[in-house]
Amino acid sequence: MFNTLAEIFSYEFMQNALLAGVLVSLVSGIIGTLVVINRMVGISGGVAHAAYGGVGIASYFGFDPVLGAVLFSLLSSVTMGVAHRKLRERSDTMIGVMWAVGMAIGIIFVSLTPGYRANLMSYLFGSILAVSMADIWWMAGIAAATVLFVALFYRQLLAISFDEEFATVRNLPVTALSVLLLIMTGLTVVVAMRVVGLIMVIALLTIPSAIVSMFFKDLRVIMLVAVGLGIVLIWAGLVISFLSNLPAAAVIILLAGIAYFLAFVIKRILLKTKI
Amino acid sequence: MTGFMLAIAKSILKIEDMWAGYDGDPVLEDIQFEMFDGDYVGIIGPNGGGKTTLIKVILGLLPVMRGNVRVLGQSPEQARDRLGYVPQVSRTDRDFPISVWDVVRMGREKAGFFAKRRLSANDKQAIEQALDQADVLDLAKRSFNELSGGQRQRVLIARALATNPEILVLDEPTANVDGQSTARLYDLLAELNQSLSILLISHDLMAISTHVKTIACVNRRMVYHNEKVLTQEMMALGYECPVELLAHGIPHRVLAHHDHDYVSLNANHNQEGN
């Protein structure tokens, strides 16, 4: 067992994957927690899918698909966020439309792109084993920005998430921080895309924080434990996928899903025994 | 106190010819309202009658379509951080992971993007004092979402008190609160009214009529005579008000004829109010 693990961790692509796992857990554990308590899960799902439009356009015009994804996810997250603030309940239709239209744009441009296109599928389904050192650097940059953002504005983010009207009456920078949170959500989507693919981003953002919220009652603790849980899930998923020769992203998400249902059952039992 | 002193009671809220609403549709029309220092006004009215819209205007959260609103001599947006806003408990997320202390601490958060974040000794004292005043100091370490409706409402009042407000503005403080806790809440508000002006909206006419000093009725339009009576005019305005009122058999003294001399009653109110 130990020898197998040592062997797995000796590959450079595996070391990069493990490192990427830490970075993506850091970003999605922190931002995912804020996404969940701000009820922005729908928006983040929409952003993830709309980002594929950027991947398609970038590959067609011959620039880095990650850059395309960044541009599209920032654009769509801010648009959806503003729509959500203005339209409230009615915004979910608009989010759904942007979700699908982004995908459609991506598929059309990908099909127009001449040559070998298989690597473009990796943006949909993830390719954690293909993460390069260059990828690690930009992911680390976004992770650092995320930590800085939440460390600097934790109290304001807490107040705004809990009660936006009260925060407005207190003259907290509600609009500026809401837009910043949308931008960070867009960037988080792109980081998570590299690991689990755009289609499964939403699971990585929500599941760790959802599990942890069942057992902890402090937002900071939830963020920290969600980061830790994300690392455990991704590393375990990587090892299982290596040993079983199954796609890493799908194994990671399946593990997360199993963990979620287990946590749900445990929580139920705990509640019952309390009474 | 003499009548002379009362005559110079400071106007803290003045609304003139105000129209407000959403997407160009007015919910409130031609509102006239004035509140004085030390007042304790209860606004009643049917659901959808514009009570919440009125609060949003006063808090500077909704621009008016027409008319003039002055809060503490300023525009609502300028004055809003001098108001202690207490939202409905049901408007807060039942599952939000936060402690009571952290909720009340929000009342000490500084405005501005790069404002100082550390709590000063002064801030800490204000939080503790607010918790104590609202009688929730012993709950400070508890999780907000495991409290009862009445306890959570008092925590939100503590948060508003922590801002050192000049007027307390409450939106349906007794919704989702059981009977005994409701009584406790009104006791607390009466105590706070010794040093604070209070404006509260509620559909709970029975409770409101026995605790506030003056009653206004809002249903698209507003009727307010700065006194504690329900006039025929109010009854005509709010269909739900009188039905509920008569069904419950409110003591006769809160009912009045429309054509009574409210100027004299007004003076009378000021005497008991100060």
Side-chain angles (χ1 to χ4, degrees), chain A residues 32-34 36-40 85-90 148-181 209-226 267 271 274-275, chain B residues 22-23 52 55-56 58-62 71 76-89 91-93 95-119 123 141-146 155-156 159-160 162-163 165 167 169 171:
Chain A
T33 302
L34 288 171
V36 170
I37 60 165
N38 279 289
R39 310 205 176 273
M40 284 165 51
R85 293 172 71 81
K86 295 265 183 244
L87 304 172
R88 290 289 156 193
E89 290 78 28
R90 287 169 289 151
L148 194 70
F149 168 65
V150 175
L152 271 179
F153 301 114
Y154 177 74
R155 284 286 156 190
Q156 283 91 335
L157 287 168
L158 185 67
I160 293 167
S161 308
F162 181 72
D163 185 348
E164 195 184 301
E165 278 188 351
F166 184 83
T168 308
V169 171
R170 297 300 304 153
N171 291 326
L172 298 188
V174 175
T175 310
L177 283 178
S178 301
V179 171
L180 263 178
L181 178 57
S209 139
I211 292 174
V212 177
S213 319
M214 292 182 204
F215 304 100
F216 294 92
K217 296 286 170 217
D218 183 283
L219 198 63
R220 265 170 309 194
V221 176
I222 292 174
M223 285 177 177
L224 280 174
V225 182
K267 175 75 180 175
L271 281 178
K274 225 180 192 177
I275 300 159
Chain B
Y22 309 91
D23 302 325
T52 302
I55 281 219
K56 283 191 174 172
I58 293 168
L59 291 171
L61 295 170
L62 183 72
V71 182
E77 235 175 280
Q78 287 169 328
R80 65 188 177 194
D81 62 348
R82 299 163 69 189
L83 307 186
Y85 172 44
V86 183
Q88 272 185 60
V89 161
R91 279 202 51 258
T92 59
D93 184 350
D95 299 321
F96 200 98
I98 191 165
S99 71
V100 167
W101 175 273
D102 279 348
V103 171
V104 179
R105 189 187 155 153
M106 283 172 199
R108 301 304 296 179
E109 230 49 72
K110 314 287 180 294
F113 205 65
F114 287 109
K116 204 172 151 235
R117 266 158 204 96
R118 287 205 74 86
L119 282 186
D123 291 328
K141 291 210 170 76
R142 294 272 296 278
S143 180
F144 183 70
N145 59 22
E146 60 188 42
V155 171
L156 295 181
R159 179 179 67 165
T163 67
I167 310 173
V169 181
D171 185 356

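The analysis underlying the following values was restricted to heavy atoms, covering all of them including side chains, and did not include hydrogens, waters or symmetry mates. Numbered from 1 within each chain, the chains take letters A, B, ... in sequence-line order.
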A.B. asks: Is any side-chain heavy atom of A/Asp218 closer than 4.5 Å to one of B/Asp102?
C.D. replies: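 A side-chain contact exists here, since the closest heavy-atom pair is under 4.5 Å.
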
A.B. asks: Is any side-chain heavy atom of A/Glu165 closer than 4.5 Å to one of B/Leu61?
C.D. replies: yes

A.B. asks: Given that the side chain runs from C-beta out, which part of B/Arg159 has a heavy atom under 4.5 Å from chain A: side chain, backbone, both or neither?
C.D. replies: both

A.B. asks: Check each of B/Gln78, B/Arg80, B/Glu109 against A/Asn171 using the side chain to side chain donor-acceptor pair (under 3.5 Å) test, and report the only one that passes.
C.D. replies: B/Arg80

A.B. asks: Report the relative orientation of the aromatic rings in B/Phe113 and A/Phe153; use parallel for angles under 30°, tilted for 30 to 60°, perpendicular for over 60°.
C.D. replies: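 Tilted, since the angle between the ring planes falls between 30° and 60°.
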
A.B. asks: Would you mind checking which part of B/Tyr85 comes under 4.5 Å of any heavy atom in chain A, side chain (CB onward), backbone (N, CA, C, O), both or neither?
C.D. replies: both

A.B. asks: For the pair A/Arg170 (side chain) and B/Lys110 (backbone), establish whether a donor and an acceptor sit closer than 3.5 Å, ignoring hydrogens and angles.
C.D. replies: no

A.B. asks: Determine whether B/Asp93 and A/Ile37 make a side-chain contact, defined as any pair of heavy atoms from C-beta on separated by less than 4.5 Å.
C.D. replies: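 Not touching, per the 4.5 Å side-chain cut-off.
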
A.B. asks: Using non-hydrogen atoms and a 4.5 Å limit, figure out which bit of A/Ile160 sits close to chain B: side chain, backbone, both or neither.
C.D. replies: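 For A/Ile160, there is no contact with chain B at all, as no heavy atom is under 4.5 Å.
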
A.B. asks: Do you know which of B/Thr163, B/Val103, B/Thr92, B/Leu156 has the most heavy-atom pairs under 4.5 Å to chain A?
C.D. replies: B/Thr163

A.B. asks: Please state whether the side chain, the backbone, both or neither of A/Leu219 comes within less than 4.5 Å of a heavy atom of chain B.
C.D. replies: both

A.B. asks: Could you go step by step and tell me if B/Phe96 and A/Leu158 meet the side-chain contact (heavy atoms from CB on, under 4.5 Å) rule?
C.D. replies: CA-CA 10 Å; B/Phe96 200 98; A/Leu158 185 67; 3.8 Å; yes

A.B. asks: Under 4.5 Å, counting heavy-atom pairs only, tell me which of B/Arg82, B/Arg105, B/Arg91 racks up the most with chain A.
C.D. replies: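 Greatest number of close heavy-atom pairs with chain A: B/Arg105.
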
A.B. asks: Quick check on the interface: out of B/Pro97, B/Gly112, B/Ala160, B/Pro76, who has the most heavy-atom pairs with chain A under 4.5 Å?
C.D. replies: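 Between B/Pro97, B/Gly112, B/Ala160, B/Pro76, the count favours B/Pro97.
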
A.B. asks: Compare all side-chain heavy atoms of A/Ser213 with those of B/Asp95 and state whether any distance is below 4.5 angstrom.
C.D. replies: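 Side chain of A/Ser213 against side chain of B/Asp95, heavy atoms only: no contact under 4.5 Å found.
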
A.B. asks: Distance from A/Lys217 atom NZ to B/Arg142 atom CZ, nearest 0.5 Å?
C.D. replies: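 A/Lys217 atom NZ to B/Arg142 atom CZ measures 12.5 Å (nearest 0.5 Å).
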
